[in-house]
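Below is one structure, written out as structure tokens, with a few remarks after it.
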Amino acid sequence: MLTLTDTARNQLQVAIDGGEIGPSRLRVFIDHRCHCGKAHFSLALAEGPVDGDTAFEVGGIPFVADGDTVPELPSVEIDFVETVWTKGFTLRNTGHQCGSHMMA
């Protein structure tokens, strides 16, 4: 499945424990594909899986992904970054280095 850094897992657990996420799952999905065809990913809240989805947990955090995204999950890394400029979750395709997608 996907890789979830300890920092991201801790931040997500705080949000779950604080009721910010509620009973939702985190939907990982292909946001777009690069000019070379590699996937870039995003996160959204999902009430639950729909037809064709796969529900799974990583480090106790509940996720869901559609059938197009599931084969790409081994290349997904979710981290939480905090700098002077930004703070938020970032999703990176570990098999492609043209950039990452910051979730503010």
Side-chain angles (χ1 to χ4, degrees):
M1 282 292 131
L2 62 83
T3 300
L4 184 63
T5 68
D6 289 340
T7 304
R9 194 200 74 71
N10 292 340
Q11 290 292 326
L12 288 168
Q13 193 62 57
V14 167
I16 290 169
D17 293 346
E20 296 172 55
I21 292 178
S24 299
R25 289 184 167 267
L26 293 167
R27 177 173 294 282
V28 179
F29 62 95
I30 296 172
D31 183 85
H32 67 279
R33 289 196 181 269
C34 228
H35 64 281
C36 66
K38 296 292 186 177
H40 289 250
F41 304 96
S42 287
L43 280 177
L45 291 178
E47 290 182 15
V50 296
D51 287 342
D53 280 351
T54 298
F56 60 98
E57 289 190 6
V58 176
I61 306 298
F63 289 92
V64 66
D66 63 43
D68 291 335
T69 304
V70 168
E72 306 267 1
L73 288 175
S75 65
V76 176
E77 178 187 73
I78 301 174
D79 196 4
F80 185 85
V81 178
E82 186 171 358
T83 71
V84 67
W85 302 110
T86 190
K87 177 180 177 179
F89 294 98
T90 184
L91 284 79
R92 185 172 75 89
N93 183 333
T94 59
H96 186 53
Q97 301 304 316
C98 78
S100 61
H101 190 93
M102 177 67 81
M103 305 296 295

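Scope of the values below: all heavy atoms of this structure, side chains included, with no hydrogens, waters or symmetry mates.
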Checklist entry - Heavy-atom distance under 4.5 Å between the side chains of R27 and T69, does that happen here? => result no
Item to check | Short side-chain to backbone donor-acceptor contact, N93 and A39, under 3.5 Å | outcome: yes
Item to check | Reported CZ-to-CD1 distance for the pair R92 and I78, which is rounded to 0.5 angstrom | outcome: 12.0 Å
Checklist entry - Aromatic rings F63 and F56: how do their planes relate, parallel, tilted or perpendicular, breaks at 30° and 60°? => result parallel
Next on the checklist: Check for me, please, whether M1 and L91 land in the same ILVMFWY cluster - side-chain distances under 4.5 Å, paths through other members count.
Outcome noted: yes
Checklist entry - How far apart are the closest heavy atoms of H40 and C34, and which atoms are they? => result NE2-SG, 3.4 Å
Next on the checklist: Hydrophobic clustering (ILVMFWY, side-chain heavy atoms < 4.5 Å, transitive) - are L43 and V64 grouped together?
Outcome noted: no
Checklist entry - Above 12 or not: heavy atoms from other molecules or residues under 6.0 Å from CG of D6? => result no
Next on the checklist: Is the shortest side-chain heavy-atom distance between F41 and I30 below 4.5 Å?
Outcome noted: yes
Checklist entry - Tell me, do K87 and F80 make a side-chain contact under 4.5 Å, heavy atoms counted? => result yes
Next on the checklist: Tell me whether F29 shares a hydrophobic cluster with L2, the cluster being built from Ile, Leu, Val, Met, Phe, Trp, Tyr side chains joined at under 4.5 Å.
Outcome noted: no
Checklist entry - More than 12 foreign heavy atoms under 6.0 Å from CD of Q13: is that the case here? => result yes
Next on the checklist: Do V14 and D17 have side chains that approach each other closer than 4.5 Å (heavy atoms only, starting at C-beta)?
Outcome noted: no
Next on the checklist: Given P62, which partner from the list I16, I21, L12 fulfils the side-chain contact (heavy atoms from CB on, under 4.5 Å) test?
Outcome noted: I16
Next on the checklist: Please evaluate residues N10 and T7 with respect to the criterion side chain to side chain contact (heavy atoms under 4.5 Å, CB included), reporting the C-alpha separation (whole Å), side-chain torsions for both, the decisive distance (0.1 Å), and the verdict.
Outcome noted: CA-CA 5 Å; N10 292 340; T7 304; 5.7 Å; no
Item to check | I61 side chain reached by L26 side chain, heavy atoms, under 4.5 Å | outcome: yes
Checklist outcome for this item: CD of Q11 to CD of E82, rounded to nearest 0.5 Å, is 7.5 Å
Next on the checklist: Could you check whether any side-chain N or O of S75 sits under 3.5 Å from a backbone N or O of T94, counting only pairs where one atom can act as donor and the other as acceptor?
Outcome noted: no
Next on the checklist: Are L45 and F89 connected into the same hydrophobic cluster when the rule is that any two of I, L, V, M, F, W, Y join if their side-chain heavy atoms are below 4.5 Å apart?
Outcome noted: yes
